[in-house]
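Following: one structure in structure tokens, then a few remarks.
No experiment lies behind these values; they were computed from the predicted model shown. Numbering of ligands and ligand atoms starts at 1, following listing order.
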Amino acid sequence: MTKVALVTGASRGIGRATALLLARQGYAVGVNYLRDESAARQVVTEIEAQGGKALALQADVADEAQVMAMFGALDAGLGTLSALVNNAGILFQQANIEQLTAERINQVLSTNVTGYFLCCREAVKRMALRHGGQGGAIVNVSSAASRLGAAGEYVDYAASKGAVDTLTIGLSREVAAQGIRVNGVRPGFIYTEMHASGGEPGRVDRVKDSLPMQRGGHPQEVAEAIAWLLSDAASYVTGTFIEAAGGR
Ligand code: NAD
């Protein structure tokens, strides 16, 4: 039976690399996107060209009704979910605490935290019902910032990722008996558009020499860690994290 995965924020960056890798590994993949429909369709086309199966699914992960509709469309289009990658996230420009508005804080928390909760909830409902107690696996994309705090830069973002870590640990214990594993990946500085569209363009190149491996990471290198945690090779691994941060 084909395994079905949903990757949120999969039109670009780490989500895109993960969707393509999971498709190569034989998953049918739900490619969630927020606004960039053409980029999401391009990911689907690329998967189909390799003989795989995929579906572009628009939804704002912070919106409960949209998340429920997305999971409904996934059920109908690809079948019962066995793997979820919570990846959609936002980062705003560098700011210190005095510059943080309630609007910004709430926006970061609603996407990076509420969005992860809602998708976990819908995924667990489905994985708990899979035949023969097969369950499923969830990977939450956190950040090295969850433990480092990002002082003077993005404490709102770092706090949201701290919540992702705690959600991951708590949920892993809650659903373990149902055969569902929940783990996290903490990327370090990865070459994606997130830095240009939210944080600081060129940031990875600016900091790379100070990193232990003296280079930024590539989306594929994070995707590999995510795919391993989802795979049967990680069947006794739950409630834990892989640092994909080049030793940071
Ligand atoms: P990215 O900006 O390239 O991709 C994020 C994707 O999420 C985009 O496609 C965006 O449209 C989507 N998205 C944002 N809000 C959404 C919403 N409400 N609903 C649905 N989709 C939404 O960034 P990326 O670097 O690929 O980030 C992926 C994940 O990795 C994020 O959770 C991010 O916090 C995490 N991360 C990235 C880095 C890095 O250096 N790039 C480091 C640590 C953690």
(request) Could you grab the distance from atom SG of C119 to atom CG of L81, nearest 0.5 Å is fine? (result) 10.0 Å
(message) Keeping T111 on the side-chain end and V108 on the backbone end, is there a donor-acceptor pair under 3.5 Å?
(response) no
(message) Taking 4.0 Å as the limit for heavy-atom contacts, which would you say applies to Y191 with ligand 1: side chain only, backbone only, both, or neither?
(response) neither
(request) Consider only side-chain heavy atoms of I, L, V, M, F, W and Y, link residues closer than 4.5 Å, and tell whether I138 and V113 are in one cluster. (result) yes
(request) Please check atom 10 (C) of ligand 1 for a protein heavy-atom neighbour under 4.0 Å. (result) no
(request) Give the atoms of ligand 1, by number and element, whose distance to some non-hydrogen atom of S11 is under 4.0 Å. (result) 9 (O)
(message) For ligand 1 and I190, I'd like to know whether there is a polar contact (N/O to N/O, distance under 3.5 Å).
(response) yes
(request) Decide, yes or no, whether a salt bridge links E193 with R16 under the criterion of side-chain N to carboxylate O below 4.0 Å. (result) no
(request) Under 4.0 Å from a heavy atom of A59: give me the atoms of ligand 1 that qualify, with their elements. (result) 19 (N), 20 (C)
(message) I'd like to know if E48 and R41 make a salt bridge, using a cut-off of under 4.0 Å between side-chain N and carboxylate O.
(response) no
(request) Run the numbers for me: atoms of ligand 1, each under 4.0 Å from some heavy atom of D60, listed by number. (result) 17 (C), 18 (N), 19 (N)
(message) Taking atom CG as the centre, does D209 end up with more than 12 heavy-atom neighbours from other residues, nucleotides or ligands that are less than 6.0 angstrom away?
(response) yes
(message) Among residues at least two apart in sequence or on other chains, which ones pass salt bridge (charged side-chain N to carboxylate O under 4.0 Å, His left out) with K208?
(response) none
(request) Please work out whether any backbone atom (N, CA, C, O) or any side-chain heavy atom from C-beta onward of P219 is under 4.0 Å from ligand 1, and answer side chain, backbone, both or neither. (result) neither
(request) Answer side chain, backbone, both or neither: which part of H195 comes under 4.0 Å from ligand 1, heavy atoms only. (result) side chain
Donor-acceptor contacts under 3.5 Å from residues 239-248 side chains, at least two apart:
unit_1: E243; atom_1: OE1; unit_2: R147; atom_2: NH2; d: 3.3
unit_1: E243; atom_1: OE2; unit_2: R186; atom_2: NH1; d: 2.3

(request) For A88, counting its heavy atoms only, list the atoms of ligand 1 lying under 4.0 Å from any of them. (result) 7 (O), 13 (N), 20 (C), 21 (N), 22 (C)
(message) Just to be sure I read this right, does ligand 1 sit under 4.0 Å from the backbone of S142, its side chain, both, or neither, counting only heavy atoms?
(response) backbone
(message) Parallel, tilted or perpendicular: which one describes the rings of H195 and F189, with boundaries at 30° and 60°?
(response) tilted
(request) Give the minimum heavy-atom separation between L100 and D156, together with the two atoms involved. (result) CD2-OD2, 3.9 Å
(message) I'd like to know whether CD of E103 has more than 12 heavy-atom contacts from other residues, nucleotides or ligands below 6.0 angstrom.
(response) no
(request) Could you list the atoms of ligand 1 found under 4.0 angstrom from a heavy atom of Y116? (result) 32 (O)
(request) Would you check the N or O atoms of F189, main chain and side chain alike, for any that come under 3.5 Å of an N or O of ligand 1? (result) no
(message) Using a 4.0 Å heavy-atom cut-off, which part of Y154 comes near ligand 1: side chain, backbone, both, or neither?
(response) neither
(message) Which residue and atom name correspond to the protein heavy atom nearest atom 19 (N) of ligand 1, and how close is it?
(response) V61 N, 3.0 Å
(message) Test of understanding: clusters of I, L, V, M, F, W, Y form through side-chain heavy atoms closer than 4.5 Å, transitively. Do L20 and L230 belong to the same one?
(response) yes
(message) Can you check which of V141, V85, I226, N87 brings a heavy atom nearest to atom 31 (C) of ligand 1?
(response) N87
(message) So for ligand 1, is I90 a polar contact partner (N or O within less than 3.5 Å, distance only)?
(response) no
(message) Between ligand 1 and Y157, is the shortest N or O to N or O distance under 3.5 Å?
(response) yes
(request) Find all atoms of ligand 1 within a distance of less than 4.0 Å from any non-hydrogen atom belonging to N32, and give their numbers and elements. (result) 20 (C), 21 (N)
(message) Counting only heavy atoms, tell me which of T111, T114, N140 gets closest to atom 15 (N) of ligand 1.
(response) T111
(message) Below a 4.0 angstrom heavy-atom separation, can you tell me which part of K161, side chain or backbone, both or neither, approaches ligand 1?
(response) side chain
(request) Can you sort out which atoms of ligand 1 are near G9, meaning under 4.0 Å from one of its heavy atoms? (result) 6 (C), 7 (O), 9 (O), 12 (C)
(message) Test salt bridge (charged side-chain N to carboxylate O under 4.0 Å, His left out) on R24 and E46; report intermediate values, then the result.
(response) CA-CA 11 Å; R24 286 198 295 278; E46 220 172 293; over 6 Å; no
